[in-house]
Amino acid sequence: MAGYDFTAIEKKWQDYWEQAGTFRQPNPGEKDFVEAPKLYVLDMFPYPSGVGLHVGHPEGYTATDILCRFARMNGYNVLHPMGYDSFGLPAEQYAVEHGVHPRETTARNIANIERQIRMFGFSYDWSRRLATTDPEYYRWTQWIFLKLYNSWFDPEAQAARPIADLERKLLSGQLVVDMNGGVVPAVAARRIADIDLYGLQVGQMKFSELESDQQRRLLDEYRLAYISEAPVNWCPMLGTVLANEEVTNEGKSDRGNFPVYRRAMKQWMLRITAYTERLLEDLEKVDWPEPIKIMQRNWIGKSVGAEVKFEILGSTGVSPVSSGVSPVTSSFKYYCDDSTRPFPPLVSLSFEGKNPYPPGEPSSPDLIAAARNLPHLEIPGATYFVTFHCAGQEMLSEPERDMVMNACLHWHGSKCCVYAATVLDNHVHMIVRPLEGESMDRLTHSIKSFTAHEINKSRARKGPFWLEESFDHIIRDERWLSDFTKYICDNPVKRGLTSRADAYKWLWINAEELLIRDSAAHFGHESEEYRRDACDTQSNRRDACGTQESIVVYTTRPDTLFGATYMVLAPEHEMVGDLTTREQAEAVKAYVAAAANKSELERTAETKEKTGVFTGAHAINPVTGQPIPIWVADYVMMGYGTGAIMAVPAHDTRDFEFATKFNLPIVQVVQPPEGVDWHGYVDDGIAVNSGPYDGLPTAEFKEKITADLAAKGLGKRAVNYKLRDWLFSRQRYWGEPFPIVHCERCGVVPLPESSLPLTLPDMDDFTPASSSDPDALPAPPLGKAGDWVNTVCPSCGGAAKRELNTMPQWAGSCWYYLRYLDPQNSHRFCDEKIEKYWMNPGGKRHDAARLQSPMGTDLYVGGAEHAVLHLLYSRFWHKVLFDLGYVSTAEPFGKLFNQGMILGIAYRDGRGVAIPLESIDFTGDKPVHKETREPLITSVEKMSKSLKTSAVNPDDVIAQYGADTFRLYEMFMGPLEASKPWNTRDVPGVHRFLNRVWRMIAGDEERPAMIAGQDNPEVERSLNRLTRKVGEDIVAMKFNTAIAAMMEFVNTVYKAASLSAGQARRFLLLLAPFAPHICEELWRQLGGDKSLAREPWPQYDEASIAEESIELPVQVNGKLRARVQVPAGADEAAMLQAAMTEPKVAAALEGKTLVKKIVVPLKLINFVVK
RNA sequence: GCCGGAGUGGCGGAAUUGGCAGACGCGCAGGAUUCAAAAUCCUGAGUUCCUUACGGGGCGUGUGGGUUCGACUCCCACCUCCGGCACCA
């Protein structure tokens, strides 16, 4: 296509801008910095792949460039940088395949993509260019990691604080350690009785009393970056673990489509979950497209519901044959034909069936499970059988068990009498009687606290030790006790019960039998009042101790509790083993093993068909008192809620399917609206079959039952999130190394900041281990760099090994917008003052805020594919930096704009084969194949190389039409946010427009330019209107209509065939942001002596836009009948007059009754007639 | 399945947010220029019916209903396509 010489012009002006430094933007503090309102316009930086630039990239880049050029002409200081997200898997894979070092391929790819980006003439400040692979860049990525590592999330402040603050608070006693290893505020005990021997609330420990090693471990549990052994997505083919986000729906790796398995592995995690609430709340502060906000909210997945406790019933052969109204008042019958007891039973019970306690040493799970069935009661003067679980990190060693046992045996004196104690499988079992005035409730706390203290004092280099989860039971028969005492006395090992097998079995069986008799007798005659007291005591204790004798479920529908007819545990649930009966053991074991071995793919592929297996155990529905079976099924996941559910088949689709398949009872508890079947009805309704709650609407019911359950200690309000902590390590070479060493003596040790950057070692063999075996172990490539791996510990100077994992690709992109602010700074990731200037609104001009956003970058443009991951991760890092005082805004990106995807058009024949453009005849209504004349189907699809017709290479388009045409075409295609097809056949249209502009101002061989000596009045009005329109459209990012308006203007000029040089110049300024090269050239031809990039944006004259007369549409009964000309200032009467006298209108009104006259001033008139 | 977004000429799309549907561009047709073509310039066109013509009427924004003097725009139900999430209790 003939026309102006865009190739030469574009080269000329790109060189000019580069040499003149036209777009270099000085920072505050630099000598050529000028005080002005700021505008920070950010593009999502590209990943420099080997393929080069895609047509999608320049779409967003052109949009931001237009806005930036517009802002400069409006007097803003504009920050508009570009860089490269150059670490990552594809670069490494490409390098592996081609046997070239990723550093080389990355450098090559960057060079190519930068050449392409520069061809477009974008007004980037190239002096701020960065690459995430540059050691001077990732030095600060590592630095931020250290900040994460050295911080914790202070729940009181709801913010990140240095970990040193936590340590200080713990050492000062402001915070103490509770029995679960949690850090809690030290509250003043309400009663003296709640304080234990060491002045703490019962069940708490002072941090300072812990070994230094234990202290360190405790602190590690609170860091924002921590190592955790958690189930992760392991991809053996890629030889790396992947984030959830990098695994596809089909359970394959995002890259390469390899199978991914769930495996427990030690990995670095970032505690993003600490920020869920703030990540959610602060979405209100930013100007983002609502759909993107919704996607982020969905990803975080907050739901409000309740946790409900279900008591477990019968597991080790003890099963109820009848049950009462509540677990507390249930009565039991047991059978037992054990004849090996050393002492005869003191109470006769009816024994049926077989022996639940087979010969041999009973295991702790057996005992615990049995204990769970027994009621908790607080009876004055009773003797108790108590079981504690030792919650240390490892199994106790033999000497430690003795230590614990002795500690328990010697725990007596003023408060209680300890008859016996033993330790078995990390469980402590004791027989204790509180002395007068003491309650067992308080005693158990003291015992825990005391014992833990004693043990922790003497344990070295092991994790902290706690006692938790007590099960205490009453032994009240004095005669039995004396027999027992006699037995102990007769025993060669006095009181110690070290011949555990016999002594223990004896102890247990008798204790249980006595207990049963006691309870039965007790409930036979106790008053209601006493029963309530017992209940209260029970629930209080559970709150304080945590419970293992019950299963806690999370539900968003506590209102359907009466319809919970069974329970389901996730296969990974820790209680599955304990619960399962011997009869079901095989089946459950097999099922759990199978679930663990399934890849994600297999597990999702089976969505259609529910699977599961019965554990043999039952729980008690807390509101109906009915026993319900406990199942294991993989449709319940360990990672969400508590890993256990109450199943309400009547009102949950999945439970309904499951119950139908396994023939479980389905009970309706919600009444749907008229005509709707209640089977599987999941929406709100009216409660039925729900006892006292019948008739309540769902929402109200939820509130009420949650409160009622809480009052009884059976549940509480709970909030859950789908968001999980961020798996932050990869077993790859091409990523940021962790600034961490592992020292045998000191454990995990961070490098000092002064030693950064920790650069990647130069390696010849950086290939990751690849295997098809799901059980292959990760072998990070860095492990092969021996010299690099072996180092000294910065803390003790001893031998240490470096962390072998690298950071994921997201790391570098989490903060690059901050580095652009001050990219050369070698002392700080970014200067404080500079950060404040660019990240906060401000500037002297009154209209500065027109383009600015309230915080962070003023505009961030990129594809919606980053709607969750990158944007969530960045916000998280930014908030941590904000909490620690390194940045001044709560959010990084004030305004976000998502460009739509550019699709390709493919023409396919009947068989679905894509036909190349050359073989298509477009002359008819429908495209047909040139040879076969077969009609072709036009389909719009994602661009890919396989669709011959749809893949577009920017290089080719620019070579043929130039950058200005490319820019203009992509902006003219449609709204920026919409997905739209690239149609190569439309490109010449905008090119033609630019040629028309050229001929209009510069002329060509055949025709002179249209420049006249004076303003053309018609052109003037049109130009004023255009000036307003283009300004408004740019601010609103409606570039397509701005371009259409400019085309209209040019058409007007062609009709008028003249415009003045001044008018031409004003027009060029309007077009320049869109098509800068041609405008610069024509500007020069019209006498400009420098770039127009900083010429003031043209003003328009409001008065000259107004038309003298307007055309008024006239409707009759809503149908357009005519148009009349009225003066612009016409009043209502004049408009009506003009309308009614119009012949066609008059004809339509003829003989009809005029009912109503609608007059919209200067817009329209409508007559309503009958 | 759930959550978003979108359906307007042969095609990409426009419509001041309830007031002239189809701006602008592609493609198409006709004309001018040319020996001819390309390029360029001008003109035409949603569709259908009546009319030789000039003109004029009907129908038209995925489908069906509703609100309104008036609906591409608001409400209800449904269909199709695109994107995201997906056994999240």
Side-chain angles (χ1 to χ4, degrees), chain A residues 1-3 249 289-295 297-299 301 303 305 553-557 560 568 603-604 606-608 610 633-637 639-648 652-655 657-658 682 720-722 864-865 867-868 900-901 903 905 922-927 938 940-942 969 972-975 977-990 992-993 995-996 999 1004 1006-1007 1029 1032 1038 1040-1048 1051 1054-1055 1111-1120 1122-1123 1144 1155-1158 1160 1163-1169:
Chain A
M1 196 185 283
N249 290 347
E290 202 50 39
I292 301 298
K293 289 189 182 182
I294 291 170
M295 278 166 79
R297 285 194 200 105
N298 288 347
W299 194 263
S303 76
V553 303
Y554 172 72
T555 178
T556 53
R557 293 296 299 273
T560 59
V568 186
R603 212 156 147 169
T604 14
E606 283 168 18
T607 343
K608 290 150 211 134
K610 297 266 181 296
D634 65 4
Y635 82 92
V636 173
M637 282 160 306
Y640 185 78
T642 60
I645 63 158
M646 64 178 213
V648 185
D652 181 282
T653 347
R654 297 147 303 175
D655 297 344
E657 271 176 50
F658 193 82
V682 297
N720 252 291
Y721 303 92
K722 286 191 222 171
E865 67 271 23
V868 267
M901 209 190 317
L903 305 165
I905 298 182
F922 287 102
T923 50
D925 262 10
K926 302 267 177 202
T938 311
V940 173
E941 8 193 305
K942 268 186 188 171
Y969 172 64
F972 186 60
M973 287 167 79
E977 66 274 17
S979 290
K980 49 222 172 253
W982 175 286
N983 192 348
T984 301
R985 299 193 310 146
D986 285 344
V987 179
V990 285
R992 202 168 292 153
F993 164 67
N995 273 325
R996 278 161 74 81
R999 273 192 297 272
D1004 62 8
E1006 294 171 23
R1007 247 173 283 244
K1029 171 81 176 156
E1032 284 170 357
K1038 290 159 72 175
N1040 53 331
T1041 50
I1043 293 169
M1046 288 190 279
M1047 288 173 167
E1048 262 180 286
N1051 290 344
Y1054 265 66
K1055 283 197 190 100
E1111 198 184 53
L1112 197 64
V1114 183
Q1115 298 179 337
V1116 176
N1117 281 348
K1119 286 213 162 73
L1120 182 74
R1123 290 163 233 252
K1144 269 185 231 160
V1155 179
K1156 207 173 175 186
K1157 294 174 278 198
I1158 313 273
V1160 186
K1163 274 275 163 64
L1164 164 141
I1165 290 177
N1166 190 11
F1167 294 111
V1168 187
V1169 296

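A, B, ... follow the sequence lines: proteins, then strands. Residue 1 opens every chain. The model shown is predicted, which means the values in this text are computed figures rather than measured ones.
Searching all strands for a Watson-Crick or G-U wobble partner of B:U34 with both distances below 3.5 Å returns nothing. Across all strands shown, B:G12 forms a Watson-Crick or G-U wobble pair with B:C24, both key distances being under 3.5 Å. Base pairing of B:A29 is made with B:U43, judged by Watson-Crick or G-U wobble geometry with both donor-acceptor distances under 3.5 Å. Under the Watson-Crick and G-U wobble criteria, each requiring two contacts below 3.5 Å, nucleotide B:A53 is left unpaired. Under the Watson-Crick or G-U wobble criterion, with both distances below 3.5 Å, B:A77 is paired with B:U63. Look at B:G4: its Watson-Crick or wobble partner, with both distances under 3.5 angstrom, is B:C82. Base pairing analysis places B:C72 opposite nothing; no Watson-Crick or G-U wobble pair with both distances below 3.5 Å involves it.
Atom NZ in A:Lys1029 sits about 9 Å away from atom C1' in B:A14, given to the nearest Å. Taking atom CG on A:Asp986 and atom P on B:G13, their separation rounds to 10 Å, with Å as the unit. The separation between A:Arg996 atom CZ and B:C24 atom P is 11 Å, rounded to whole Å. In this structure, A:Met1046 places its CE atom 13 Å from C1' of B:G25, rounding to the nearest Å. Atom C1' of nucleotide B:A71 and atom CG of A:Leu1120 are separated by 16 Å, given to the nearest angstrom. Atoms CD (A:Glu1032) and P (B:U16) sit 13 Å apart, rounded to a whole Å. Taking atom CZ of residue A:Arg1007 and atom C1' of nucleotide B:U40, one finds them 6 Å apart after rounding to whole Å. Distance, A:Asn983 CG to B:C28 P: 12 Å, rounded to whole Å.
For the C1' atom pair drawn from B:A32 and B:A71, the interatomic distance equals 44 Å after rounding to whole Å. Comparing B:U8 with B:A23, their C1' atoms are spaced 13 Å from each other, to the whole Å. Nucleotides B:G66 and B:C3, compared at atom C1', are 27 Å apart to the nearest Å. Rounded to whole Å, the separation between the P atoms of B:G55 and B:C74 comes to 38 Å. The same atom, P, is picked in B:U63 and in B:C50; the two are 25 Å apart, to the nearest Å. Comparing B:U52 with B:G46, their C1' atoms sit 25 Å apart, to the nearest whole Å. Rounded to whole Å, the separation between the P atoms of B:A6 and B:A14 comes to 12 Å. Using atom P as the reference point in both B:C81 and B:G44, the two lie 40 Å apart (nearest Å).
Counting heavy-atom neighbours within 6.0 Å of A:Lys1157 NZ, excluding the residue itself, gives a total of 12 or less.
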What N/O pairs connect the protein and nucleotides 1-8 of chain B at under 3.5 Å? Give each pair on its own line.
none

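Regarding contacts with the backbone of B:C24, every side-chain N or O of A:Arg992 stays at 4.0 angstrom or more from both OP1 and OP2. Between A:Lys1163 and the phosphate of B:U17, there is no side-chain N or O to OP1/OP2 separation shorter than 4.0 Å. Distances shown here put every side-chain N or O of A:Asn1051 at or beyond 4.0 Å from the OP1 or OP2 atom of B:C42. For the OP1/OP2 pair of B:A39 and a distance below 4.0 Å, the side-chain nitrogens and oxygens of A:Asn995 include no atom meeting the criterion. Taking side-chain N and O atoms only, A:Tyr640 has a distance below 4.0 Å to OP1 or OP2 of B:A89.
In plain terms, the two heavy atoms of A:Gly3 and A:Asn995 that are nearest each other are CA-OD1, 3.2 Å. The two residues A:Asn1040 and A:Gly974 have their closest heavy-atom pair at ND2-C, 3.5 Å. When every heavy atom of A:Tyr554 is checked against every heavy atom of A:Thr642, the shortest pair comes out as N-OG1, 3.6 Å.
Remark on RNA chain B: of its neighbouring residues A:Ser303 and A:Phe1167, the 5'-side contact belongs to A:Phe1167, judged by nearest-heavy-atom nucleotide. Comparing A:Ala1045 and A:Thr642, the nucleotide of RNA chain B nearest to each residue sits closer to the 5' end for A:Ala1045.
Using bins of under 30°, 30° to 60° and over 60° for the plane-to-plane angle, the ring pair A:Trp982/A:Tyr969 lands in the perpendicular bin.
In the set B:G25, B:G13, B:C26, B:G25 carries the atom at the smallest distance from any side-chain atom of A:Phe972. Checked against B:C87, B:A89, B:G19, the side chain of A:Val1160 finds its nearest nucleotide in B:G19. Closest to the side chain of A:Thr555, from the set B:A89, B:G13, B:G25, is B:A89. When the nucleotides B:G25, B:C87, B:A89 are ranked by their closest atom to the side chain of A:Tyr554, B:A89 comes out on top. Residue A:Trp299 places its side chain closer to B:C85 than to any other of B:C85, B:A23, B:A89. Listed candidates were B:U40, B:C24, B:C85. Nearest to the side chain of A:Arg999 is B:U40.
Listed by chain and number, the residues in a salt bridge (Lys or Arg N to Asp or Glu O under 4.0 Å) with A:Lys1029 are A:Asp1033 (sequence neighbours excluded). Listed by chain and number, the residues in a salt bridge (Lys or Arg N to Asp or Glu O under 4.0 Å) with A:Arg996 amount to none (sequence neighbours excluded).
In this structure, A:Lys1038 reaches the sugar-phosphate backbone alone: every heavy-atom distance under 4.0 Å involves primed, P, OP1 or OP2 atoms, never a base. Here A:Lys980 lies in heavy-atom contact (under 4.0 Å) with sugar-phosphate atoms only. Residue contacts for A:Gln1115: at a heavy-atom cut-off of 4.0 Å it reaches a base atom on one of the strands shown. In this structure, A:Tyr1054 reaches the sugar-phosphate backbone alone: every heavy-atom distance under 4.0 Å involves primed, P, OP1 or OP2 atoms, never a base. If you check every strand for non-hydrogen atoms under 4.0 Å, A:Asp1004 touches nothing.
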A:Glu657 vs A:Tyr635, side-chain contact (heavy atoms from CB on, under 4.5 Å): CA-CA, chis, key distance, verdict: CA-CA 11 Å; A:Glu657 271 176 50; A:Tyr635 82 92; over 6 Å; no

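Residues A:Tyr1054 and A:Arg999 form a side-chain contact, since some pair of their non-hydrogen atoms from C-beta on lies under 4.5 Å apart. Using a 4.5 Å cut-off on side-chain heavy atoms (C-beta onward), A:Lys1156 and A:Asn1166 make no contact.
In this structure B:U73 sits in the anti conformation; its chi angle is more than 90° from 0. Taking the syn range as angles within 90° of 0, the glycosidic angle of B:G9 is syn.
Taking the ring centre of A:Phe658 as origin, the terminal cationic atom of A:Lys610 falls outside the region bounded by 6.0 Å and 45° from the ring axis.
Between the side chain of A:Lys1157 and the base of B:C69 there is no donor-acceptor pair of N/O atoms closer than 3.5 Å.
With A:Met646 as reference, A:Val553 is the one residue of A:Asp655, A:Asp652, A:Val553, A:Val568 to meet the side chain to side chain contact (heavy atoms under 4.5 Å, CB included) rule.
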